[in-house]
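Treat the numbers as computed from the prediction; the structure is a model and nothing was measured.
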Amino acid sequence: MDQALTKKELASLSGYSYRRLHEIDMALPEREKLFVKSEQDEKKYSLALFIQRWAAYNAQAAEAESEELSAIKAKHEAVKMEKTRIEVSRMKNELVPISELAPIWSNIAATVADRFNALPSKVAASLVMIGDAEIIEEKIEREIRDAMSLMSEMPLPETGTEKAQEEETEE
């Protein structure tokens with residue numbers, strides 16, 4: 001004989017409020033409803049079916065939480081792996097902090113900009129008496145090439161790997 005209880009009695013057994021259980025029940029499909037009318041009393045609900053379905057609902061909720069936790073753990077591991085990869089690259093001197101590069105490139109850019117800014121006054125004196133456009137073009141091109149060569153010949157700071165190789169060859 002199946003025992004029958006009211007919805008409020010079932011709610012108190014579950015430890016949830018009647019309102020929360022009602023919301024859960026409304027969201028469930030028909031075959032999984034928590035409140036199933038008792039065959040003995042039309043005003044009460046089956047305790048056995050409630051317990052079975054309540055246990056199944058909680059098992060599904062726990063499984064869903066476990067899947068979410070697994071996904072979060074997987075993302076966390078991916079972030080840790082990326083962090084490790086960056087640290088290893090930094091140790092191998094494959095990555096250089098921007099704070100170290102900015103002054104170097106600023107110096108190179110300033111040198112080239114100074115050279116290009118000085119170009120008109122440097123070339124103007126030698127072009128005043130020349131009437132041939134080809135010769136003028138050659139002189140301007142030569143000065144531009146010299147400025148560009150200066151940029152390509154600017155010494156860059158040594159990386160840790162290059163320093164270690166130099167120390168090995170010195171020994």
Side-chain angles (χ1 to χ4, degrees), residues 1-114 116-117 147-148 150-171:
M1 182 164 140
D2 187 22
Q3 192 172 7
L5 298 173
T6 65
K7 286 183 178 181
K8 289 186 181 184
E9 290 171 331
L10 291 171
S12 68
L13 286 175
S14 71
Y16 281 72
S17 69
Y18 164 72
R19 181 180 190 133
R20 179 64 185 129
L21 272 185
H22 181 70
E23 290 171 358
I24 293 170
D25 187 62
M26 295 300 290
L28 293 171
E30 193 61 42
R31 287 182 283 144
E32 296 175 19
K33 295 285 186 188
L34 299 174
F35 302 119
V36 179
K37 293 218 181 231
S38 172
E39 294 174 1
Q40 302 153 341
D41 188 350
E42 288 293 316
K43 294 180 182 179
K44 294 190 177 185
Y45 299 87
S46 170
L47 176 61
L49 285 175
F50 176 82
I51 291 172
Q52 288 174 353
R53 292 178 179 188
W54 181 241
Y57 170 79
N58 284 315
Q60 283 179 331
E63 188 176 310
E65 276 184 30
S66 176
E67 289 173 6
E68 285 180 31
L69 185 58
S70 295
I72 290 169
K73 284 181 179 179
K75 286 179 185 177
H76 178 70
E77 286 302 314
V79 169
K80 283 176 34 179
M81 285 175 50
E82 179 66 12
K83 180 181 176 190
T84 302
R85 188 191 64 74
I86 290 170
E87 289 299 320
V88 168
S89 295
R90 191 174 291 152
M91 285 188 249
K92 289 180 176 180
N93 289 319
E94 295 172 347
L95 293 178
V96 180
I98 291 175
S99 59
E100 291 180 21
L101 292 178
I104 295 166
W105 285 107
S106 293
N107 184 29
I108 291 171
T111 303
V112 172
D114 289 345
F116 276 115
N117 286 334
M148 297 301 284
L150 178 66
M151 183 173 79
S152 68
E153 294 167 2
M154 289 285 284
L156 294 175
E158 295 178 348
T159 65
T161 307
E162 291 170 348
K163 288 179 185 176
Q165 288 175 350
E166 284 181 15
E167 289 173 4
E168 287 176 9
T169 55
E170 290 175 2
E171 294 174 355

**Q** Quick one, Leu10 and Leu34 - any side-chain contact, counting heavy atoms below 4.5 Å?
**A** no
**Q** Run the side-chain contact (heavy atoms from CB on, under 4.5 Å) test against Glu32 and tell me which residues pass, sequence neighbours left out.
**A** Leu28, Pro29, Gln60
**Q** Filter on salt bridge (charged side-chain N to carboxylate O under 4.0 Å, His left out), then keep only pairs touching residues 65-82, sequence neighbours left out; what's left?
**A** Glu77-Lys80, Glu82-Arg85
**Q** Kindly write out the residues that satisfy side-chain contact (heavy atoms from CB on, under 4.5 Å) with Ser38, not counting sequence neighbours, or none if the list is empty.
**A**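 Partners of Ser38 by the side-chain contact (heavy atoms from CB on, under 4.5 Å) criterion, ordered by chain and then number, come out as Ala4, Gln40.
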**Q** Could you work out, with side-chain hydrogen bond (donor to acceptor under 3.5 Å, both in side chains) as the rule, every residue matching Ser46, not counting sequence neighbours?
**A**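 Applying side-chain hydrogen bond (donor to acceptor under 3.5 Å, both in side chains) to Ser46 gives Asp2.
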**Q** Using the salt bridge (Lys or Arg N to Asp or Glu O under 4.0 Å) criterion, which residues pair with Glu23? Sequence neighbours excluded.
**A** Arg19, Arg20
**Q** Check Lys33 against Met26 and note the closest heavy-atom contact, atom names and distance.
**A** NZ-O, 3.5 Å
**Q** Please name the pair of heavy atoms, one in Ser14 and one in Leu21, separated by the smallest distance, quoted to 0.1 Å.
**A** OG-CD1, 3.3 Å
**Q** With Ala109, which residues qualify under side-chain contact (heavy atoms from CB on, under 4.5 Å), at least two apart?
**A**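 Ala109 satisfies side-chain contact (heavy atoms from CB on, under 4.5 Å) with no residue once adjacent residues are dropped.
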**Q** For residues 42-55, pull every pair meeting salt bridge (charged side-chain N to carboxylate O under 4.0 Å, His left out), keeping only residues two or more places apart or in separate chains.
**A**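 The answer is none; no pair qualifies.
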**Q** Check whether NZ of the Lys or CZ of the Arg Lys7 lies under 6.0 Å from the centre of the six-membered ring of Phe35 and within 45 degrees of that ring's axis.
**A** yes
**Q** Please enumerate all residues that pass side-chain hydrogen bond (donor to acceptor under 3.5 Å, both in side chains) together with Glu87, with sequence neighbours excluded.
**A** Arg90
**Q** Determine whether more than 12 heavy atoms belonging to other residues, nucleotides or ligands lie under 6.0 Å from atom CG of Leu69.
**A** yes
**Q** With sequence neighbours left out, what residues match Thr6 under side-chain hydrogen bond (donor to acceptor under 3.5 Å, both in side chains)?
**A**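 Result, side-chain hydrogen bond (donor to acceptor under 3.5 Å, both in side chains) vs Thr6: Glu9.
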**Q** Sort and list the pairs that fulfil ring-ring contact (aromatic ring centres under 6.0 Å, His included) and have at least one residue in residues 55-94, not counting sequence neighbours.
**A**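 Checked against ring-ring contact (aromatic ring centres under 6.0 Å, His included) - neighbours excluded - the pairs reaching residues 55-94 are Trp54-Tyr57.
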**Q** Considering residues at least two apart in sequence or located in another chain, which fulfil the side-chain contact (heavy atoms from CB on, under 4.5 Å) criterion with Asn107?
**A**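 Only Thr111, Met154 meet the side-chain contact (heavy atoms from CB on, under 4.5 Å) criterion with Asn107.
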